[in-house]
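Notes to accompany the following structure.
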Number of protein chains: 2
Amino acid sequence: MEDDTSYTISQLAEEFGVTTRTIRFYEEKNLIHPRREGQKRIYKPADRVRLHLILRGKRIGLSLDESLEIIDLYDPSGNNKDQYLALIRKIEEKKQQLHLQLNDIEHMISDLDRVQEQCKRELNPNEAQ
Amino acid sequence: MEDDTSYTISQLAEEFGVTTRTIRFYEEKNLIHPRREGQKRIYKPADRVRLHLILRGKRIGLSLDESLEIIDLYDPSGNNKDQYLALIRKIEEKKQQLHLQLNDIEHMISDLDRVQEQCKRELNPNEAQ
DNA sequence: TTTTTAGTTGACGTTGACGTCAACGTTACT
DNA sequence: AGTAACGTTGACGTCAACGTCAACTAAAAA
């Protein structure tokens, strides 16, 4: 049942539109941990997912460290009750942050909507608003 | 009818939780243009709004240049038909970008929701889900 | 009048996130 | 055996977005 697909560094680079340098840099910063075959890196689906999460994080303005924090929330690396509770709290915090960002973006969009409407009114001053 | 409120640099810094250095830096980058009284900067409500927009941009991961682009969309600095049409298109593009970000964030939130639910299930394995 | 208390202008330092070589090692063809 | 094509490890460069510090000015308070 385990997926034995694997990728080279340039395959992933191509797929996600980043350079190989970038991917190696992420490894240097401990965001990804590909295995080695000889001296070459080989990437498994799990690594691909991590890369995907990092890049999604980047798109919404997270730093690499922040993305790493979120990725770490995915692996329940501890197994006792307290750690689960702590994890749930952390996740709650992250979600709140994200909701704040959602708010900012929604405001920005509706601001732009207003400006756009104003523009259109300038163009057609005669039409009923 | 004009609002003659004005602010010092440190008032704004305090209000928005940034340093005065940051605000001066934004001026150096042509994001804000306060007037001078002697050699001191004096900030008007319009400047405050610009600062607010910049910081909102930062929170959602925009660069200063990107924020500036958006801010510029607010001032219909041109007045002919073509310029309005161009402006409307630009705004549409920005909105689309923002919708993509919205999507990323929503996905991230629902991912975290799932992880959190899974955590809770680990804690109470007996309860009906 | 001296001393705080803002504020100002440089100039240089720093940090994060990579880019850009250079020098080298495999593997795969020809 | 030679030569591409792809990979590797340093090491250094770069750019944005500030931080830090020094040396100065102006106004206000003690």
Side-chain angles (χ1 to χ4, degrees), chain A residues 5-44 47-48 50-72 94 97 101 104 108, chain B residues 5-44 47-48 50-72 94 97 101 104 108:
Chain A
T5 316
S6 54
Y7 313 85
T8 72
I9 192 169
S10 47
Q11 281 175 329
L12 286 186
E14 166 94 0
E15 176 178 358
F16 289 107
V18 298
T19 67
T20 59
R21 175 68 181 89
T22 299
I23 297 180
R24 275 186 220 103
F25 177 74
Y26 292 161
E27 180 178 351
E28 198 175 316
K29 293 286 165 173
N30 291 316
L31 290 153
I32 317 181
H33 317 286
R35 283 191 272 153
R36 295 297 180 114
E37 199 158 83
Q39 76 168 347
K40 306 210 167 156
R41 295 163 168 85
I42 89 169
Y43 297 84
K44 291 278 152 190
D47 298 314
R48 210 190 80 131
R50 289 177 80 89
L51 183 53
H52 184 205
L53 293 176
I54 296 166
L55 297 175
R56 189 172 67 181
K58 268 193 56 173
R59 289 199 300 272
I60 69 168
L62 301 186
S63 70
L64 296 184
D65 286 355
E66 287 170 327
S67 283
L68 182 54
E69 276 188 54
I70 289 193
I71 291 173
D72 285 344
K94 290 294 171 189
Q97 279 184 33
Q101 282 208 37
D104 277 330
M108 201 170 281
Chain B
T5 316
S6 54
Y7 313 86
T8 72
I9 193 169
S10 48
Q11 282 175 329
L12 286 186
E14 167 94 1
E15 176 178 359
F16 289 107
V18 298
T19 67
T20 59
R21 175 69 182 90
T22 299
I23 297 180
R24 275 186 222 103
F25 177 74
Y26 292 161
E27 181 178 352
E28 197 174 318
K29 294 285 165 174
N30 292 314
L31 291 153
I32 318 180
H33 317 286
R35 283 191 270 154
R36 295 296 181 115
E37 199 158 84
Q39 77 168 348
K40 305 210 167 158
R41 294 164 169 85
I42 89 169
Y43 298 83
K44 291 277 153 190
D47 299 315
R48 209 190 81 132
R50 289 177 80 90
L51 183 53
H52 184 206
L53 293 176
I54 297 165
L55 297 175
R56 187 172 70 180
K58 269 195 56 174
R59 290 199 300 274
I60 69 168
L62 301 186
S63 70
L64 296 185
D65 286 355
E66 287 170 327
S67 284
L68 182 55
E69 275 187 54
I70 290 193
I71 291 173
D72 285 343
K94 290 293 172 189
Q97 280 184 32
Q101 281 208 38
D104 277 330
M108 201 170 280

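Naming: A, B, ... by sequence-line order, numbering from 1 per chain.
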Q: To the nearest Å, give me how far apart CG (L55(A)) and P (dA17(C)) are.
A: 12 Å

Q: Find which nucleotide of DNA chain D each of I42(A) and R21(A) is nearest to by heavy atoms, and output the residue with the more 5' nucleotide.
A: I42(A)

**Q.** Of L68(A), L53(A), D47(A), the residue whose pairing with L31(A) passes side chain to side chain contact (heavy atoms under 4.5 Å, CB included)
**A.** L68(A)

**Q.** Interatomic distance, I32(A) CD1 vs dC18(C) C1' [rounded to whole Å]
**A.** 14 Å

Q. How many Å lie between CD on E28(B) and C1' on dC15(D), as a whole number?
A. 15 Å

Q: Quickly work out the I23(B) CD1 to dG19(D) C1' distance and round it to whole Å.
A: 15 Å

Q: Return the nearest nucleotide to the side chain of F25(B); candidates are dA17(D), dG7(D), dA6(C).
A: dA17(D)

(Q) If you compare every side-chain N and O of S10(A) against the phosphate oxygens of dG7(D) (OP1, OP2), does one of them come in below 4.0 Å? (A) yes

Q.
Using whole Å, what does the distance between atom P of nucleotide dA16(D) and atom CD of E69(B) come to?
A. 14 Å

Q. Picking from dC18(D), dG7(D), dA11(D), which would you name as closest to the side chain of Q39(A)?
A. dG7(D)

Q: Determine whether any donor atom in the side chain of R24(B) lies under 3.5 Å from an acceptor atom in the base of dT9(C), or the reverse, and answer yes or no.
A: no

Q. Does T19(B) make a side-chain N or O approach to OP1 or OP2 of dG19(D) shorter than 4.0 Å?
A. yes

Q. In whole angstroms, how far is the P atom of dC6(D) from the CD atom of E14(A)?
A. 11 Å

Q.
Taking A13(B)'s backbone N and O only, do any of them form a donor-acceptor pair with S10(B)'s side chain (distance below 3.5 Å, no angle check)?
A. no

(Q) It should be established whether T8(B) places a side-chain nitrogen or oxygen under 4.0 Å from OP1 or OP2 of nucleotide dG7(C). (A) yes

Q) Should Y26(B) be listed as having a side-chain N or O under 4.0 Å from OP1 or OP2 of dA17(D)? A) no

Q.
What I want to check is whether an N or O donor and acceptor connect the side chain of R41(A) with the base of dT8(D) at under 3.5 Å.
A. no

(Q) For a quick test of reading the model, state the closest non-hydrogen atom pair linking S6(A) to Q11(A) and the distance between them. (A) O-OE1, 4.0 Å

**Q.** Q101(B) to L62(B) - nearest heavy-atom pair and separation
**A.** NE2-CD2, 4.2 Å

Q | Contact nearer the 5' end of DNA chain C, comparing K29(A) with T22(A) | A | K29(A)

Q: Any chance you could lay out the side-chain contact (heavy atoms from CB on, under 4.5 Å) test for R48(A) and Y43(A), step after step, and finish with the verdict?
A: CA-CA 7 Å; R48(A) 210 190 80 131; Y43(A) 297 84; over 6 Å; no

**Q.** Atom pair distance, as rounded to whole Å: CD1 in I54(B) and P in dC18(D)
**A.** 10 Å

Q: Classify the nucleic acid contact of T20(B) as base, sugar-phosphate or nothing, counting any heavy atom under 4.0 Å across all strands shown.
A: nothing

Q) Within the structure shown, what part of the strands sits under 4.0 Å from K58(A) by heavy-atom distance: base, sugar-phosphate, or nothing? A) sugar-phosphate

(Q) Nearest whole Å is fine: how far is dG25(C) C1' from E37(A) CD? (A) 16 Å

